[in-house]
Amino acid sequence: MAYRYDRAAESMPRGKLAALQLTRLRATVRNAYANVPMHRRRMRELGLEPGDIRSLEDLARLPFTQKTDLRDHYPFGLFARPRKDLARLHASSGTTGKPTVVGYTARDLATWSGLMARSMACAGVRPGDVVHNAYGYGLFTGGLGAHYGAERLGATVVPMSGGATERQIVLIQDFGARVLCATPSYALAIAEVAEREGVDLKRSKLRIGLFGAEPWSEAMREEIQKRLGLRAVDIYGLSEIMGPGVACECLEAQAGLHGWEDHFIFEVIDPDSGRPVPAGGVGELVITTLTKEALPMLRYRTRDITRLSTGRCECGRSHLRIRRITGRNDDMLIIRGVNVYPSQIEAVLVGLPQIAPHYQLVLERKGSLDHVTVEVEAEQGVAPDPAACARLAKEARHHIKSMIGITTDIVVKQPGEIPRSQGKAVRVRDLRPRPA
Ligand code: DLL
């Protein structure tokens with residue numbers, strides 16, 4: 001039977017889980033109300049007091065929290081503990097304005113490494129494994145999150161961070177890594193550099209990849225598995241809630257991310273109306289923390305689009321599953337009325353022969369209309385002559401049109417011309433004029 005990090009918690013009967021959630025939700029609301037003026041003010045405006053939260057259904061009465069709230073209370077305004085009680089700060093850079101700052105007490109850090117260890121074990125990582133950690137170290141939660149989780153699990157961590165790809169490939173082989181932690185786009189970049197150098201990582205000891213921090217598709221999963229010879233497992237998280245390890249797929253099913261319901265409550269809402277969608281419906285993921293001390297979050301709107309399923313998983317875990325995140329409702333592109341996520345275009349491109357899985361979407365305004373150019377790369381070995389490129393472009397254009405319904409221009413670049421990521425890939429270059 002597969003190694004289980006915390007059997008009692010992971011297989012807890014759902015009734016018991018719900019009772020635990022309610023106790024913890026009430027404590028979280030009390031903490032937020034007593035210690036965070038914004039939460040107290042908002043609850044009072046709705047005529048709510050902590051004692052009004054008597055059942056899990058009452059959660060829906062609480063106001064949402066958004067990323068802008070963190071920015072508006074920069075840097076420490078939403079913390080429920082004095083600054084001197086914080087053991088660590090992380091921050092995520094936004095595209096505009098101030099970063100989002102998050103803080104942890106020592107107990108929060110212990111909870112996080114415990115959940116990361118649980119996630120890793122769920123993905124098939126075992127005590128004693130060598131874990132090659134190529135998530136960026138620093139203010140980004142990926143590096144340190146995976147690091148302490150792997151240590152807590154009893155694995156041996158190689159704290160690589162991103163970049164210096166040739167060196168990563170040497171150390172993966174020399175240290176006998178069984179596990180690779182990276183963004184999916186960086187995992188592909190590693191595969192590509194290895195192939196170029198004549199190294200077959202399929203013959204290394206790598207067996208498991210823990211990939212997350214950006215949207216990716218099933219097609220991308222297959223591609224990475226094929227090229228690195230490992231099982232690619234999806235892991236999810238966000239700094240505002242904790243960091244990586246909020247949810248993780250199990251190795252047994254690789255079919256949706258078990259969201260750790262003893263520490264979080266997951267809801268899916270209609271992003272326009274804010275109302276819950278019917279069970280199993282697609283919408284925006286909203287998360288409430290249940291055990292965070294320093295930064296309790298009430299109904300945080302993640303902007304991530306997905307759906308939940310509560311059906312029993314073959315691995316035996318009782319916690320619900322978050323289906324693959326298809327994109328964010330704020331990176332959703334609306335192109336001539338069609339809602340498009342970059343990951344949909346990726347899924348089409350990855351399926352086309354002779355096109356490498358690296359791409360960028362360039363958005364421009366031509367007249368009053370949005371115009372999309374998809375820059376793709378020919379695979380190694382495809383003739384660089386204009387006729388071959390034109391053929392590939394025509395094919396990609398046709399498939400994007402027929403599968404997604406939008407008209408695009410395709411520019412076929414030569415291998416290596418699309419910038420490679422060492423962390424989260426930049427998929428969209430938006431050159432449209434900003435509204436005044
Ligand atoms: O990306 C935490 C993380 C690190 C997760 C390493 C997994 C692995 P942030 O930088 O705050 O935190 O970005 C959070 O990244 O709201 C999603 O939009 C996206 N994201 C994270 N994991 C996934 C995933 C980290 N598995 C934002 N699939 C989230 C799709 C993901 N998108």
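Note that the numbering runs from 1 along the sequence shown for the chain. Order of appearance sets the numbers: ligands from 1, and atoms from 1 within every ligand.
Within the structure, the salt bridge (charged side-chain N to carboxylate O under 4.0 Å, His left out) test picks out the following pairs touching residues 179-193 (sequence neighbours left out): Glu192-Arg420.
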For ligand 1, what N or O to protein N or O distances fall under 3.5 Å?
unit_1, atom_1, unit_2, atom_2, d
ligand 1, 1 (O), Lys424, NZ, 2.9
ligand 1, 10 (O), Lys424, NZ, 3.0
ligand 1, 11 (O), Ser239, N, 3.0
ligand 1, 11 (O), Ser239, OG, 2.4
ligand 1, 13 (O), Lys424, NZ, 2.9
ligand 1, 15 (O), Ala213, O, 3.4
ligand 1, 15 (O), Lys424, NZ, 3.4
ligand 1, 16 (O), Asp304, OD1, 3.4
ligand 1, 16 (O), Asp304, OD2, 2.7
ligand 1, 16 (O), Arg328, NH1, 3.2
ligand 1, 18 (O), Asp304, OD1, 2.6
ligand 1, 18 (O), Arg328, NH1, 3.2
ligand 1, 22 (N), Ala213, N, 3.0
ligand 1, 26 (N), Asp234, OD1, 2.8
ligand 1, 26 (N), Ile235, O, 2.7
ligand 1, 28 (N), Glu214, O, 3.4
ligand 1, 32 (N), Pro215, N, 3.4

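Using a 4.5 Å heavy-atom threshold, the side chains of Thr183 and Tyr135 count as touching.
For Arg107, the CZ atom counts as loosely surrounded, since its 6.0 Å shell holds 12 or fewer non-hydrogen atoms of other residues, nucleotides or ligands.
Using a cutoff of 4.0 Å between basic side-chain nitrogens and carboxylate oxygens, Glu222 and Lys226 are not scored as salt-bridged.
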Can you list, pair by pair, the side-chain donor-acceptor contacts under 3.5 Å of residues 406-413, counting residues two or more places apart and other chains?
unit_1, atom_1, unit_2, atom_2, d
Thr407, OG1, Lys401, NZ, 3.4
Asp409, OD2, His371, NE2, 3.0

Table please: side-chain donor-acceptor pairs of residues 245-253 below 3.5 Å, with sequence neighbours left out.
unit_1, atom_1, unit_2, atom_2, d
Glu249, OE1, Arg221, NH1, 2.7
Glu249, OE1, Asp234, N, 3.1
Glu249, OE2, Arg221, NH2, 3.0
Glu249, OE2, Gly256, N, 3.2

